[in-house]
Visitor: 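Below is one structure. I have some questions about it.
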Amino acid sequence: MTKFQRRAAWSIGSLLGLLGFIALAARLGAGWYLQSERFRQQITSAVGHELQAEGDFRPLHFADGTFHSDGYAARGKSSAFFSNLRADQIRAVVNWRGLLERRWEVDELSVQNLDVQFAGRAPEPTPTGETKPTAPKKKSRWQLDLRRGEVAQSSWHWGTTPAATGSVTGAGFTLLPNDGGWLIDAHGGTLAQTGWPSLTIDSAKLRYTGPSLFVTESSFRNGAGHLAVDGEIRFHRTADLQARFERISLTPLLPEDWRVRLHGDLSGTARVHASLPGGDPRIEGNLQLQDGMIEAIPLLEQIATFTRTERFRTVAVTRASLEFAQSGPGRSGLTTVKNLVLESEGLLRVEGSCKIAGGKIDGHFQFGVTAASLQWLPGSQARVFTVAHDGYSWTPVHLTGPVDHPHEDLSKRLLAAAAGELLQKSPNDLIDTAKSLLDLLPH
C-alpha cells in the first residue's frame, strides 16, 4: 500500500468513526431529550390543545421508538366535552419523521384504563368591562397526530342531579381519526342510568366531531331483553336520543310498592331530550307489555269480592299498551299517560288516560267486565255497568290520590246500586239480598 493510500484509508476510517460518534451522540442526545422535562411539557401542551384541557403527564420513558407513561390527568376547559379525565398505563408508538416537524405522530396509542367525567358545568362567563381577561398562553408549535388509539377498559360518568346520573363502566374501545373527528367502536361493559335497569353493552359505534357526539348505532342487553339507541349529544346544549327496546323487565322501572303487583316485559320506543349540562330529561314514547300479570290491586280485590270471581285477584294480561310523556325529576316530575288499553281477554278491559305528578295520580278510565261476572252483584248492570259493547259491560272510574295507594269511586257506586236494588225487592227476597249486601261491605 502506498503512502497516499494509507492516508486515504486513515481519512475514510476517521470520517466513518466521526460519523458513528455523531450518530451515537445524536441517539443518546435524542434519547435524553425525549425523556427530558422540556419534551414532556411540549407533549403535554400538544395533547392539552387537542383535548381543550389543562393536563399533565407523569414522567415519560422512551425505548425503541415507544413511549411509556404511568398516567395522564386533565381538567377540561369550557369548550371540552369533559370536566375531568384520567388515563393510566399509557403506551405510544411514535413515528420519528413527525418529531422533525414538531408533530407528535402516534401510529398506535394504548391505554390500560381511562376514566372520564362528562362536563357538568356551565361554560365560563365572557369577560366584562369590570373583569380583565386573562392573557392567553403562548400556543405550542407541537401538534398531536394520532393514527389509532385503543383503550382496554374505561369508565364514563355524567349527570349533576340524581334523576340524570348515569355511567358506563368496564367498556373497551378503539379510536380512529375521521375527517377532523373520531370514530369510536366500543364493546363490553355496563350502562347504568337512574330509573332504568342496568344494561350490558354488546357494541356501540360513535362519531365525535368536537361539539357533538353522534351515536350511529348501539346494542345493549338486559337478561333476555334488547335495547338499541341512536342520536346526537351536543355538548353544553342538548341531547337527543331514540331508543327501541324489546323484552326489557318491567320490575326495575316500577316504584317499590308496585313491584309485587305488576309483572311482565316491556317493548316499545322512547325519545329522550335533555338540556345540557344538568337539565332534567323529557322522555316520550309508547309501551307494550308482554307476559303481564296483575295481582294485589285494591280495586280488583274489591271487584273479586263484589262479583265472587277469584280470577280478579290475579289477572293474566293478554294485551296492554299506552303512550307516555315524562318531564321533570323522578317522582316530583310530571308523567302523562294516554291511549291506555289493558285487557285480560274474557274477564276485563280498561281504557283511559291519567297524569302523575308529585307522586299522585289523577286518572279517568272506562272499566269493562263480562256480564257473567256481574250476576252476583245486585243492580250493577242496571245502575253502574250500563253500557255494553265489545263483549264487556262498561262504567267510568275516577282514580285519584297517592300512586302507592290510590282511591277509586267504583266501590261506593256498586254498594249504592246494591242498596237501591235492595229497596225494590219483595219481602220474600229482602232477607237474602240484605245478607248479600252485608257480605260486600269492607270488613
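Only a predicted model underlies this, so the values are computations on that prediction, with no experimental measurement involved.
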Visitor: Can you give me the closest heavy-atom contact between V260 and D257, atom names plus distance?
Guide: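 Heavy atoms only, the tightest pair is CG2-O, 3.9 Å.
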Visitor: Take V168 and I201, measure what side-chain contact (heavy atoms from CB on, under 4.5 Å) needs, and give me the verdict at the end.
Guide: CA-CA 9 Å; V168 170; I201 302 172; 3.6 Å; yes
Visitor: Step by step, would you call N339 with E323 a side-chain hydrogen bond (donor to acceptor under 3.5 Å, both in side chains)?
Guide: CA-CA 6 Å; N339 296 329; E323 298 174 16; 3.3 Å; yes
Visitor: Are F118 and F82, when compared by the centres of their aromatic rings, separated by less than 6.0 Å?
Guide: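 Here the rings of F82 and F118 have centres that are no less than 6.0 Å from each other.
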Visitor: Tell me the closest heavy-atom pair linking A270 and I283, and the distance in Å.
Guide: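 Closest pair (atom of A270, atom of I283, distance): CB-CG2, 4.1 Å.
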Visitor: Report yes or no: does T190 contribute a side-chain atom to a donor-acceptor pair with the main-chain N or O of T200 at less than 3.5 Å?
Guide: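 The answer is no, because no donor-acceptor pair under 3.5 Å joins these two groups.
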Visitor: Let me confirm one number: the CG-CD distance from L414 to Q302, rounded to the nearest 0.5 Å.
Guide: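 If we round to the nearest 0.5 Å, L414:CG and Q302:CD are 9.0 Å apart.
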Visitor: Indicate yes or no: at least one non-hydrogen side-chain atom of S267 is less than 4.5 angstrom from one of Q290.
Guide: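 A side-chain contact under 4.5 Å exists here.
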Visitor: Measure the shortest side-chain to side-chain distance between S353 and F365 over non-hydrogen atoms and say whether it is less than 4.5 angstrom.
Guide: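 Of all side-chain heavy-atom pairs linking F365 with S353, none is under 4.5 Å.
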Visitor: Grab the two heavy atoms, one from V106 and one from A92, that are nearest each other, plus how far apart they are.
Guide: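 V106 and A92 have their closest heavy atoms at CG1-CB, 3.9 Å.
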Visitor: Please determine whether side-chain contact (heavy atoms from CB on, under 4.5 Å) holds for the pair E217 and D230, giving the CA-CA distance in whole Å, both sets of side-chain angles, and the decisive distance to 0.1 Å.
Guide: CA-CA 5 Å; E217 62 177 90; D230 59 70; 5.9 Å; no
Visitor: Is the closest side-chain donor-acceptor distance between H398 and D409 under 3.5 Å?
Guide: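 There is no such pair between these side chains.
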Visitor: Could you tell me whether K355 and D362 have a side-chain N and a carboxylate O separated by less than 4.0 Å?
Guide: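 No, no charged N to carboxylate O under 4.0 Å.
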Visitor: For the residue pair N286 and T269, confirm or rule out a side-chain donor-acceptor distance under 3.5 Å.
Guide: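 Distance-only check passes for N286 and T269.
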Visitor: Drop me the distance from S219's OG to R244's CZ, to the nearest 0.5 angstrom.
Guide: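 If we round to the nearest 0.5 Å, S219:OG and R244:CZ are 10.0 Å apart.
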Visitor: Run the salt bridge (Lys or Arg N to Asp or Glu O under 4.0 Å) check on E284 and R271 step by step: do they pass?
Guide: CA-CA 5 Å; E284 57 184 17; R271 297 171 296 279; 3.6 Å; yes
Visitor: Answer yes or no: is there a side-chain heavy-atom contact under 4.5 Å between L266 and L289?
Guide: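 They are in contact (side-chain heavy atoms under 4.5 Å apart), so the answer is yes.
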Visitor: Applying side-chain contact (heavy atoms from CB on, under 4.5 Å) to S344 and V317, what does each step give before you reach the verdict?
Guide: CA-CA 5 Å; S344 179; V317 179; 5.9 Å; no
Visitor: Please enumerate all residues that pass side chain to side chain contact (heavy atoms under 4.5 Å, CB included) together with S212, with sequence neighbours excluded.
Guide: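 Per chain and number, S212 pairs via side chain to side chain contact (heavy atoms under 4.5 Å, CB included) with T209, F214, E232, R234.
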Visitor: For the backbone of T165 and the side chain of Q193, can you confirm whether one donor and one acceptor N or O come within less than 3.5 Å of each other?
Guide: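 Here the side-chain-to-backbone pair exists.
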Visitor: Could you name each residue pair satisfying side chain to side chain donor-acceptor pair (under 3.5 Å) that touches residues 146-155, not counting sequence neighbours?
Guide: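 Qualifying pairs, neighbours excluded: E105-R147, D145-R147, S154-W156.
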Visitor: Does the R259 side chain pair with the main chain of L254, one donor and one acceptor, at a distance under 3.5 Å?
Guide: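 Yes: the side chain of R259 pairs with the backbone of L254.
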Visitor: Please tell me whether Y392 and Q366 have a donor and an acceptor in their side chains that are separated by less than 3.5 angstrom.
Guide: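 No - no donor-acceptor pair under 3.5 Å links their side chains.
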Visitor: Tell me, please, which residues at least two apart from F324 pass ring-ring contact (aromatic ring centres under 6.0 Å, His included).
Guide: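 F324 satisfies ring-ring contact (aromatic ring centres under 6.0 Å, His included) with no residue once adjacent residues are dropped.
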Visitor: Got a donor-acceptor contact below 3.5 angstrom from the N222 side chain to the S198 backbone?
Guide: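 Side chain of N222 to backbone of S198, a donor-acceptor pair under 3.5 Å: yes, one is there.
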Visitor: Relative to the ring of F235, is the ring of F81 parallel (under 30°), tilted (30 to 60°) or perpendicular (over 60°)?
Guide: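 F81 and F235: tilted rings.
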Visitor: For D185 and L176, run side-chain contact (heavy atoms from CB on, under 4.5 Å): C-alpha distance rounded to whole Å, both residues' side-chain angles, the deciding distance at 0.1 Å, then the answer.
Guide: CA-CA 9 Å; D185 192 347; L176 296 173; over 6 Å; no
Visitor: Run the ring-ring contact (aromatic ring centres under 6.0 Å, His included) test against H187 and tell me which residues pass, sequence neighbours left out.
Guide: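 Checked H187 against ring-ring contact (aromatic ring centres under 6.0 Å, His included); zero matches.
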Visitor: Return the set of residues passing ring-ring contact (aromatic ring centres under 6.0 Å, His included) with H389 (not counting sequence neighbours), or none when no residue passes.
Guide: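 Applying ring-ring contact (aromatic ring centres under 6.0 Å, His included) to H389 gives W394.
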Visitor: From L250 CG over to L287 CG, what is the distance, rounded to the nearest 0.5 angstrom?
Guide: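 Between atom CG of L250 and atom CG of L287 there are 9.0 Å.
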Visitor: Could you check whether S69 and H61, counting side-chain N and O atoms only, form a donor-acceptor pair closer than 3.5 Å?
Guide: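 The criterion, which ignores hydrogens and geometry beyond distance, is not satisfied for S69 and H61.
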Visitor: Would you call S327 and L334 a side-chain contact if the rule is heavy atoms closer than 4.5 Å?
Guide: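 Heavy-atom side-chain distance check passes, below 4.5 Å.
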Visitor: Within a radius of less than 6.0 Å around CZ of R237, do more than 12 heavy atoms belonging to other residues, nucleotides or ligands occur?
Guide: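 Result for CZ/R237: open.
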Visitor: How long is the straight-line distance from CZ of R261 back to CG of D404, given to the nearest 0.5 Å?
Guide: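 The CG atom of D404 sits 7.0 Å away from the CZ atom of R261.
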Visitor: Does any part of the side chain of V315, heavy atoms only, come nearer than 4.5 Å to the side chain of M293, both counted from C-beta?
Guide: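 Answer no - side chains too far apart.
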Visitor: Salt bridge or not between E345 and R319? Use side-chain N to carboxylate O under 4.0 Å.
Guide: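 Salt bridge absent between E345 and R319.
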Visitor: Is it true that a side-chain atom of S83 and a backbone atom of Q117 form a donor plus acceptor pair closer than 3.5 Å?
Guide: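 At least one qualifying donor-acceptor pair exists.
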Visitor: Using the ring-ring contact (aromatic ring centres under 6.0 Å, His included) criterion, which residues pair with F57? Sequence neighbours excluded.
Guide: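 In terms of ring-ring contact (aromatic ring centres under 6.0 Å, His included), with neighbours along the sequence ignored, F57 is linked to Y72.
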Visitor: CZ/F220 to NE2/H226 distance, rounded to the nearest 0.5 angstrom?
Guide: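 One gets 9.0 Å once the value is rounded to the nearest 0.5 Å.
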Visitor: Answer whether the closest heavy-atom distance between the side chains of L347 and V369 falls below 4.5 Å.
Guide: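 Sidechains of V369 and L347: no contact.
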Visitor: Treating T314 as the side-chain partner and E295 as the backbone partner, does any N or O pair qualify as donor plus acceptor under 3.5 Å?
Guide: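 Looks like no, no N/O pair under 3.5 Å.
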Visitor: Find out whether I90 and L109 are in side-chain contact, i.e. whether some heavy atom of one side chain is under 4.5 Å from a heavy atom of the other.
Guide: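 Of all side-chain heavy-atom pairs linking L109 with I90, at least one is under 4.5 Å.
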Visitor: Just verifying a value: how many Å separate S373 OG and L348 CG, rounded to the nearest 0.5 Å?
Guide: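 Rounded to the nearest 0.5 Å, the OG-CG separation comes to 8.5 Å.
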Visitor: Would you say H157 and D115 make side-chain contact, with heavy atoms under 4.5 Å?
Guide: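 A side-chain contact under 4.5 Å exists here.
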